[in-house]
Protein chains: 2
Amino acid sequence: MNEINIKYLAERLKMSPSTVSRALNDSYEISEPTKIKVKALAKELNYQPNPYARSLRNHKSKTIAVIIPERINNFFSQVIDGIEDITQELGYHLLVYNSHEDVEKERKIISFLLNGRVDAIVMSVSSQTSTIDHLEMLHQKDIPLIFFDRICQEIPTTKFITNDYETGYQAAVHLIEGGCKKIFFLLLSKEISIGRERLKGYRQALMDHNLPFAEDWVIQCSQSEEANIQQMTALLYSMERPDGILASVEKLAIATYHAIRKTKLRIPQDLKMVSFSNMRIAELLNPPLTTISQPAYEIGLECAKLLMKKLTRKNQPDLENKVIVLPSKIHIRESSKG
Amino acid sequence: MNEINIKYLAERLKMSPSTVSRALNDSYEISEPTKIKVKALAKELNYQPNPYARSLRNHKSKTIAVIIPERINNFFSQVIDGIEDITQELGYHLLVYNSHEDVEKERKIISFLLNGRVDAIVMSVSSQTSTIDHLEMLHQKDIPLIFFDRICQEIPTTKFITNDYETGYQAAVHLIEGGCKKIFFLLLSKEISIGRERLKGYRQALMDHNLPFAEDWVIQCSQSEEANIQQMTALLYSMERPDGILASVEKLAIATYHAIRKTKLRIPQDLKMVSFSNMRIAELLNPPLTTISQPAYEIGLECAKLLMKKLTRKNQPDLENKVIVLPSKIHIRESSKG
DNA sequence: CTAGTTTACGGAATCGATTGCATGATAAAT
DNA sequence: ATTTATCATGCAATCGATTCCGTAAACTAG
């Protein structure tokens with residue numbers, strides 16, 4: 001009824017829709033006076049082109065999907081902020097999906113995106129993701145895909161990560177230098193890339209310092225906060241308890257802190273801790289937690305910049321199959337003091 | 001090139017596009033055998049209807065916009081999780097925007113949404129929002145709008161909040177019972193609804209307990225973390241320093257904690273604190289922070305349920321102009337112990 | 001057995017913006 | 001003055017799915 005579309009503008013201006021369209025798009029074939037008239041009316045009526053008509057015609061949606069495994073996590077929020085800051089400037093919109101660390105959900109989400117709904121996807125795979133046929137499908141359909149943080153090596157595209165191996169190594173060395181002899185490593189799932197890399201760094205550090213190591217020092221945790229606290233509590237009460245803990249993801253450090261509160265153990269005296277985490281309030285914890293923080297916002301920026309280059313310029317080649325590393329920083333605090 | 005659309009399916013099946021469309025949509029005018037044939041081929045070829053063609057034709061985008069003032073905030077993340085859990089089930093997609101507490105950004109975002117891009121909007125207004133013509137525009141264009149948390153009373157639609165007045169009152173009473181005589185109230189902006197309600201509750205509690213009050217006990221903070229820490233530090237060093245603090249939003253409590261670390265003040269001995277916050281790790285802070293936590297996930301669920309009812313059923317009336325209150329909970333911890 | 005009804009499907013218009021092609025008008029060139 | 005080039009604009013097709021309308025065939029009723 002109150003539809004302000006090109007046809008309506010054309011009527012009011014006694015021009016054809018094509019002229020109006022061209023004028024609004026600054027086509028060289030339209031005279032300056034006409035352009036001015038058209039734009040004036042468009043502005044007056046607050047005309048906004050219908051995005052779906054446009055997408056249908058152009059085969060471009062100006063929309064990007066962001067898929068994250070967890071929403072309640074500062075890291076991912078910061079990445080999305082970074083992505084949004086670049087893409088919004090260029091008129092892109094973000095569809096954000098949470099895979100809840102579940103491959104099946106991830107699959108379902110991807111299936112929503114195979115039909116041109118988005119021009120590209122930026123994602124961090126779920127910790128369960130081991131089969132990748134759904135990701136290959138995207139590649140087949142020529143939908144640009146960028147991974148960050150939790151990447152999938154097998155898909156030939158650009159991936160953004162941080163120096164996980166090195167910081168895993170550094171963190172372990174830091175604990176070793178603090179006097180730890182028995183350092184456990186907490187991880188969510190062996191499937192995630194970052195877990196593996198961080199684990200490798202930790203292993204290497206132990207080896208380089210001639211420290212003992214046992215397979216069961218690598219603790220595989222679950223998705224459930226409750227279960228993790230239980231598991232950690234049991235571990236801390238056991239004879240085998242560690243004197244140092246390196247948590248590969250934030251939520252495991254938190255679970256450990258909760259567990260520690262139940263025991264009478266003191267950090268850092270009885271147990272030192274370091275965690276990969278982007279919590280801004282690590283400093284306010286009791287005790288302040290030593291963290292390795294990732295340049296989350298910057299990762300978002302870089303993903304988006306690369307994508308925008310690919311999407312807004314003509315004849316861009318496919319996204320290069322390479323891994324780009326942005327360095328993380330270690331923030332030493334009370335929890336690991338020697 | 002590799003386009004699998006209705007026309008292509010029709011060709012392969014030697015039927016007309018209209019028949020294929022009807023078959024896929026389970027129209028009663030199509031015979032069972034035909035439906036089976038069509039669906040089989042559609043499945044085999046993994047046909048996905050083009051969402052934009054559909055949106056153009058139906059004037060429905062199956063997309064909802066969520067606008068939040070801040071992304072790095074557990075509360076909003078939880079709300080979005082709640083919204084997504086309901087809407088995804090019904091085939092809706094979420095465009096998520098961050099207004100960064102900036103009305104101008106908010107305006108710009110809204111302008112993106114006036115052209116049918118979304119079927120509805122769920123939002124929490126920015127702390128600056130005082131002019132509301134952009135919100136009225138949505139109403140004019142008949143785009144369903146639901147507010148949560150930071151609402152705009154003037155727009156006649158449904159709003160979801162928590163019992164801000166009561167919990168503000170409770171929190172103040174709790175501090176008073178702990179022995180506080182000089183309780184300051186921290187707020188982000190007088191513009192936000194929740195700040196005002198919480199403030200009223202606090203004021204009433206002071207009055208009911210015959211405690212003194214001065215206008216400058218209500219501290220108006222800024223968006224900048226740095227500036228807030230500075231401001232709080234100065235306040236804590238001054239002669240006028242409070243013995244109790246009620247923070248109306250999480251980030252102000254955090255700024256205060258940072259400030260307190262610089263001084264030698266002890267919580268709760270020298271200063272007691274309570275904050276509105278959905279941080280899950282309030283318990284792990286030093287000292288554990290007494291919080292009033294909102295049912296964020298549930299708020300998301302309720303917003304989405306109401307919206308889905310409005311959007312998926314026929315002849316639904318406009319969203320009622322009313323405020324729905326979901327209760328918050330107070331979690332008493334160390335920071336306010338008497 | 002015919003008139004009327006139902007079933008099952010096809011044709012074509014539609015949603016709104018874009019764009020290849022055509023054309024009328026004006027200016028420049030011969 | 002006539003031809004050619006240039007410019008500004010209109011017409012109509014297109015993107016893919018949906019749906020109003022129409023109709024051949026099958027079926028029912030009298």
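Hydrogens, waters and symmetry mates play no part in the numbers below; they use all other heavy atoms, side chains included. Since the model is a prediction, treat every value here as computed from it, not as a measurement. A, B, ... follow the sequence lines: proteins, then strands. Residue 1 opens every chain.
- Close to dC15(C), at under 4.0 Å from its OP1 or OP2, lies no side-chain N or O of Ser55(B).
- A side chain to side chain contact (heavy atoms under 4.5 Å, CB included) with Thr87(A) is found for exactly one of Val122(A), Leu311(A), Leu307(A), Leu94(A), namely Leu94(A).
- Taking 4.5 Å as the limit, every side-chain heavy atom of Val96(B) sits out of range of all side-chain heavy atoms of Val66(A).
- Sequence order on DNA chain C of the closest nucleotides to Ala53(B) and Pro17(A) puts Ala53(B) first from the 5' end.
- For the pair Glu84(B) (side chain) and Asn98(A) (backbone), a donor-acceptor distance under 3.5 Å is present.
- The listed nucleotides are dG16(C), dA13(C), dC11(D); the one nearest the side chain of Arg57(B) is dA13(C).
- Residues Glu70(B) and Gln223(B) fail the side-chain proximity criterion, which asks for heavy atoms closer than 4.5 Å.
- End-to-end axis angle of the helix from dC1(C)-dG30(D) to dT30(C)-dA1(D), from C1' rotation axes over five pairs per end: 50° (rounded to 10 degrees).
- Here dT19(D) presents its P atom at 14 Å from CG of Asp26(B), a figure rounded to the nearest Å.
- For the pair Lys7(B) NZ and dG11(C) P, the computed distance is 13 Å after rounding to whole Å.
- For Arg54(B), the side-chain atoms get nearest to dT18(D) when compared with the rest of dG10(C), dT14(D), dT18(D).
- The distance from atom NE2 of His59(B) to atom P of dG16(D) is 19 Å, rounded to the nearest whole Å.
- Regarding contacts with the backbone of dC9(C), every side-chain N or O of Thr19(B) stays at 4.0 angstrom or more from both OP1 and OP2.
- Counting any heavy atom pair closer than 4.0 Å across all strands shown, Ser31(B) reaches sugar-phosphate atoms only and no base atom.
- One atom, CD1 of Ile4(A), and another, P of dC15(C), lie 16 Å apart when rounded to the nearest Å.
- Comparing atom distances between the Pro49(A) side chain and each of dC9(C), dG16(C), dA17(C) picks out dA17(C) as nearest.
- Closest approach to the Asn5(A) side chain among dC9(C), dG16(C), dA17(D) is made by dG16(C) (side chain taken as heavy atoms from C-beta onward).
- Of the residues Ile6(B), Leu13(B), Thr19(B), the one that meets the side chain to side chain contact (heavy atoms under 4.5 Å, CB included) test with Val38(B) is Leu13(B).
- Comparing dC21(D), dA8(D), dA17(C) against the side chain of Arg22(B) picks out dC21(D) as the nearest.
- When side chains are defined from C-beta on, Arg150(B) counts as touching Pro69(B), because their heavy atoms get closer than 4.5 Å.
- Each of dC9(C), dC11(D), dA13(D) was ranked by its minimum atom distance to the side chain of Ser18(A); first place goes to dC11(D).
- In this structure, of dT19(D), dT19(C), dG16(C), it is dT19(D) that holds the atom nearest to the side chain of Ser21(B).
- Of the side-chain N and O atoms in Tyr47(A), one or more sit less than 4.0 angstrom from OP1 or OP2 of dA17(C).
- For the pair Ile6(B) CD1 and dT19(D) P, the interatomic distance rounds to 11 Å; values are reported in whole Å.
- For Glu29(A) against dC7(D), a side-chain-to-base donor-acceptor contact under 3.5 Å is absent.
- Each of Ile30(A) and Asn58(B) was assigned the nucleotide of DNA chain D with the nearest heavy atom; the assignment lying further toward the 5' end belongs to Ile30(A).
- Note: CG (Leu56(A)) to P (dT18(D)) measures 12 Å, nearest angstrom.
- Salt bridge Arg107(A)/Asp102(A): absent, no basic N to carboxylate O contact under 4.0 Å.
- In this structure, CG of Leu9(B) is placed 13 Å from P of dG10(C), rounded to the nearest angstrom.
- Checked against the 6.0 Å centroid threshold, His93(B) and Tyr97(A) count as a close aromatic pair.
- Distance OH (Tyr52(A)) to C1' (dT14(C)): 19 Å, rounded to an integer number of Å.
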